[in-house]
Amino acid sequence: EIEPWDFEQYARLLAAAKLEGPEWYAAACLAGEAGLRSGEIKALRWREDVDLIAKTITVNQQTCYGETTTPKGRTRRTIPMTDALHKALKALETVREGYVVRNLDGSAKTDGQANAAILRICRRAQLPEKRWHTLRHTFGTHAALFGVNPWRLQSWMGHKRIDETMIYVHVAEAHRREIPEPILEATKTE
């Protein structure tokens, strides 16, 4: 069962990530705005994977326990950037080479560094301590709430089977809200 952050919690988490520093804010946006897994964030490279002109992220690899391999599902995928993610990446002070989220010496962040950072961010946001994957669930759920086509969402998330993606659609359907009155008013014809 997935437990995403709701919109208010997600906003608090992003605000806390900003205070943690620009690289961890970018990492939070990569997970929450593009659905990347923690290992995919750690392995993301500027030249090979980030296109700031086309505003896309291409997931080519992941790093877990110090080993870099193909992404889970073994499929390369390209995800469009939201404005928030685009701004977060452009704000990073880097030469735009090597890893996107990295240590001062240019090396990739470790699993321990990433895990410690997300726990600090959760505490700073005064939220329960959860891992990076909760941000991925948040991305999938919010995309479904906003009406993203399930097959497009499947592609963005790198799921092999549509039933994996439909979990997010079902969660979104269970949390449907009424259309706000100003929108209903705006659509009325006279």
Side-chain angles (χ1 to χ4, degrees), residues 1-42 44 55-57 59 72-73 77 79-89 91 100-101 109 111 113-159 161-187:
E1 192 170 318
I2 61 171
E3 293 183 26
W5 298 113
D6 65 28
F7 291 114
E8 186 269 334
Q9 292 169 324
Y10 180 57
R12 285 171 46 197
L13 199 81
L14 288 182
K18 260 188 189 175
L19 295 174
E20 193 67 26
E23 286 195 331
W24 290 120
Y25 175 66
C29 286
L30 285 163
E33 300 283 315
L36 270 64
R37 297 174 180 94
S38 173
E40 295 167 346
I41 294 167
K42 290 181 287 188
L44 198 69
K55 295 185 178 181
T56 59
I57 297 289
V59 176
K72 185 177 176 183
R77 67 188 195 276
I79 305 119
M81 286 184 205
T82 62
D83 287 339
L85 174 55
H86 188 252
K87 287 177 187 172
L89 292 174
V100 174
V101 179
K109 297 283 187 184
D111 295 335
Q113 288 173 305
N115 290 337
I118 192 62
L119 295 177
R120 282 193 311 271
I121 291 166
C122 289
R123 285 191 298 270
R124 190 181 291 245
Q126 298 181 336
L127 293 168
E129 291 182 1
K130 296 187 180 182
R131 303 294 178 167
W132 289 101
H133 213 73
T134 303
L135 281 167
R136 179 174 160 80
H137 290 318
T138 300
F139 167 77
T141 304
H142 289 181
L145 279 167
F146 290 129
V148 171
N149 178 301
W151 288 272
R152 176 166 288 150
L153 184 57
Q154 176 187 14
S155 170
W156 290 350
M157 296 194 77
H159 291 151
R161 300 180 333 262
I162 192 67
D163 61 316
E164 295 174 80
T165 309
M166 292 307 290
I167 293 168
Y168 298 101
V169 175
H170 294 310
V171 168
E173 285 177 353
H175 293 89
R176 273 202 195 278
R177 297 185 188 111
E178 295 298 318
I179 298 173
E181 192 61 37
I183 293 174
L184 290 173
E185 289 296 321
T187 59

message = Test your reading of the model: is there a side-chain donor-acceptor pair from T138 to the backbone of G32, 3.5 Å cut-off?
response =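 Flag not set: sc T138 to bb G32 has no pair under 3.5 Å.
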Between [X] and [Y], is any pair of side-chain heavy atoms under 4.5 Å apart?
| X | Y | result |
| --- | --- | --- |
| V101 | L44 | no |
| L30 | F139 | no |
| W5 | R12 | no |

Separation of [Y] [atom2] from [X] [atom1] (nearest 0.5 Å):
| X | Y | atom1 | atom2 | result |
| --- | --- | --- | --- | --- |
| H159 | I167 | NE2 | CD1 | 7.5 Å |
| Q113 | I118 | CD | CD1 | 14.5 Å |
| L135 | L14 | CG | CG | 7.5 Å |
| E40 | R136 | CD | CZ | 6.0 Å |
| H133 | I2 | NE2 | CD1 | 9.0 Å |
| E3 | T141 | CD | OG1 | 10.5 Å |

Smallest separation among heavy atoms of [X] and [Y], with atom names:
| X | Y | value |
| --- | --- | --- |
| T165 | P150 | CG2-O, 3.4 Å |
| S38 | A114 | OG-CB, 4.2 Å |
| C29 | A84 | SG-O, 4.3 Å |
| L85 | A34 | CD2-CB, 3.9 Å |
| A26 | A88 | CA-CB, 4.1 Å |

request  = Applying side chain to side chain contact (heavy atoms under 4.5 Å, CB included), run through L19 and Y25 and close with a yes or a no.
outcome  = CA-CA 8 Å; L19 295 174; Y25 175 66; over 6 Å; no
Test side chain to side chain contact (heavy atoms under 4.5 Å, CB included) applied to K130 and L119, step by step = CA-CA 7 Å; K130 296 187 180 182; L119 295 177; over 6 Å; no
ask   = Would the number of heavy atoms belonging to other residues, nucleotides or ligands and lying under 6.0 Å from CD of E8 be above 12?
value =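 More than 12 heavy atoms, drawn from other residues, nucleotides or ligands, come within 6.0 Å of this atom.
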inquiry  = L13 vs T134, test: side chain to side chain contact (heavy atoms under 4.5 Å, CB included). Steps then yes/no.
reply    = CA-CA 11 Å; L13 199 81; T134 303; over 6 Å; no
ask   = Can you tell me if Y168 and H142 form a side-chain donor-acceptor pair at under 3.5 Å?
value = no
inquiry  = Tell me whether the NZ or CZ atom of K42 lies within the 45° cone about the ring axis of W132 and under 6.0 Å from its centre.
reply    = no
request  = Show the numbers, then the answer: is there a side chain to side chain contact (heavy atoms under 4.5 Å, CB included) between M157 and E164?
outcome  = CA-CA 10 Å; M157 296 194 77; E164 295 174 80; over 6 Å; no
inquiry  = Using the side chain to side chain donor-acceptor pair (under 3.5 Å) criterion, which residues pair with R120? Sequence neighbours excluded.
reply    = E20
query = Which side-chain hydrogen bond (donor to acceptor under 3.5 Å, both in side chains) pairs, counting each pair once, include a residue from residues 145-158, with sequence neighbours left out?
reply = none
